[in-house]
Amino acid sequence: MQAAVLRGTQNGYDLVLKQSASLDQVLVDLKALLENLKVDPQTMDAKVSLDVLTEDRILTADEKTKIEQLVAGYPRFEIHKIAANVITLADAIQLRERENVHLLSKVIRNGQEVVMQGDVLFLGTIHEGGKLRTSGNIFSMGSVAGILQAGYPDDESKLIMGNLQTAQQVRIAEQFDIVEPAQLTDSRQTIAYVNDLHVLSYGKLEQLKKINPKLYNQIGGI
Amino acid sequence: MGKAIVITSGKGGVGKTTTSANIGTALALMGKRVCLMDLDIGLRNLDVVLGLDNRIIYDIVDVAEGRAKLPQALVKDKRFDDKLYLLPAAQNTDKTALQPEQVKEIVDELKPDYDYVLIDCPAGIEQGFMNAVAGADAAIVVTTPEISAVRDADRVVGLLEQHPLTEAPRLLINRIRRNMMQDGSMMDIDEITHHLGIELLGIIFDDDAVITTSNKGEPIVMQTDNPASQGYRNVARRLEGETVPLMKITEQEDTGFWHKVSGWFHRG
């Protein structure tokens with residue numbers, strides 16, 4: 001059985017590298033395959049773009065370079081991407097972190113900074129001088145007297161919801177607002193967001209559809 | 001085996017040293033063997049508050065660096081019949097002269113011989129703080145009813161939570177002015193305790209006598225009828241596991257003559 005197989009698809013060509021074969025074998029077979037398909041560069045029309053699929057094998061950076069170098073020797077072909085059916089545990093954890101809503105119930109004290117990934121449902125307390133930072137949205141049901149930052153470092157589409165009246169600062173991506181004492185009402189339905197002019201503004205929960213249609217649709221709006 | 005308790009606050013000037021001296025003295029008066037350790041290297045003053053400054057021969061840095069044996073450096077307070085000892089801080093070195101491991105070693109050496117080893121922590125949260133916390137089993141966080149002191153206490157509690165000791169830290173609120181607290185112009189005790197979220201070990205009322213006595217090198221707890229003294233003695237009893245109710249803010253004792261006279265008329 002060939003360890004490197006070329007397959008035509010609707011979108012172009014898949015180059016499948018069998019996981020059952022050793023990588024050395026794959027390289028040998030791939031070379032043979034490419035040799036077979038070698039044409040004179042003069043008569044060549046368009047380049048053939050390959051999606052390299054490694055099945056359930058994850059290639060290291062070195063291994064990827066080897067394959068790229070090999071293919072680079074044949075001007076008819078170019079690699080579009082290298083993909084596997086599997087990801088590393090570390091990537092998987094990161095993915096899960098990013099996609100989930102995380103429950104956080106702790107006291108963030110003066111000088112402490114808690115850094116999270118993804119959306120956070122915050123049930124704890126942030127004291128003055130404490131900071132909660134995440135890459136996603138923050139939904140706060142706790143009491144906040146410190147700083148909340150959503151969409152870290154640069155995602156302005158994220159939101160902060162909850163009672164922000166007592167917070168010191170609200171930050172989304174790189175935008176920030178210093179919350180003045182009488183600025184906000186004592187309401188859990190306050191939403192902080194970045195508007196079209198890249199200014200941090202506040203709204204109410206019922207305006208969510210207007211403020212962030214994408215999130216609204218995602219959580220069950222029509 | 002004794003217990004090592006660090007007395008810390010983050011902010012300076014809230015009364016760590018006074019608290020260390022007084023809790024130590026109160027415990028000694030209860031018959032416990034106490035060793036006070038001054039870790040405020042370079043700015044030692046626990047010895048002054050205790051009136052032992054003229055008796056220092058060696059200090060903690062001498063012990064850590066092997067120039068003296070631990071018993072040689074300990075200063076005995078003769079007033080308390082072999083119950084109270086002080087391990088003084090060095091004055092001519094800075095806080096980096098000690099390493100946390102050295103402090104831990106000294107504390108561990110002291111613990112078997114004493115019921116309590118009280119560690120007086122320097123202000124700040126740098127090396128000196130780390131040194132003081134290194135050997136401790138428990139912590140007393142001292143604060144005053146002022147926003148800056150409470151903020152710093154919050155920071156320190158956070159740090160203590162990151163490197164947990166055997167026991168959770170407990171809170172001591174110092175320098176409470178009864179009149180200001182009664183009319184609401186000072187932060188409330190419950191408010192502070194609730195905010196910091198740690199157990200309240202005791203409250204100490206502000207009293208002029210604390211300053212006058214410490215100037216004489218005599219801890220306030222030796223005056224039995226003083227309200228601040230009472231507060232410190234209550235703290236010592238609570239450390240011993242007794243249940244002692246908090247002193248009342250409202251009970252402003254007024255024993256003046258006219259107060260008594262008006263008392264007769266109100267009585268009916």
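Within every chain, numbering begins at 1; the chains are lettered A, B, ... in the order of the sequence lines, protein sequences first and strands thereafter. All figures in this text were calculated on a predicted structure; none of them were measured in a lab.
A 6.0 Å sphere centred on OH of Y13(A) holds no more than 12 heavy atoms belonging to other residues, nucleotides or ligands. Within a 6.0 Å sphere centred on NZ of K104(B), heavy atoms belonging to other residues, nucleotides or ligands number 12 at most. When the shell of 6.0 Å around CZ of R177(B) is examined, it contains 12 or fewer heavy atoms from other residues, nucleotides or ligands. Within a 6.0 Å sphere centred on CG of L89(A), heavy atoms belonging to other residues, nucleotides or ligands number 12 at most. The environment of NZ in K111(B) is crowded: more than 12 heavy-atom neighbours from other residues, nucleotides or ligands sit within 6.0 Å.
The closest donor-acceptor contact from the side chain of N110(A) to the backbone of D154(B) lies at 3.5 Å or more, if one exists at all. At distances below 3.5 Å, not a single donor-acceptor pair connects side-chain atoms of H127(A) with backbone N or O atoms of L196(B).
Residues of residues 134-146 of chain B lying under 4.5 angstrom from chain A, judged on non-hydrogen atoms, do not exist here.
Here the closest heavy-atom approach between residue R155(B) and residue Q112(A) is recorded as NH1-N, 4.4 Å.
Applying the side chain to side chain contact (heavy atoms under 4.5 Å, CB included) test to Q207(A) and every residue at least two apart in sequence or in another chain returns K204(A), I211(A). Among residues two or more places apart in sequence or in another chain, the side chain to side chain contact (heavy atoms under 4.5 Å, CB included) test is passed with A173(A) by E156(A). In terms of the side chain to side chain donor-acceptor pair (under 3.5 Å) criterion, N22(B) has no residue partners (sequence neighbours excluded).
Counting only heavy atoms from C-beta outward, the side chains of R109(A) and Q162(B) never approach each other to under 4.5 Å.
With a threshold of 4.5 angstrom between heavy atoms, V157(B) approaches chain A through its backbone and through its side chain.
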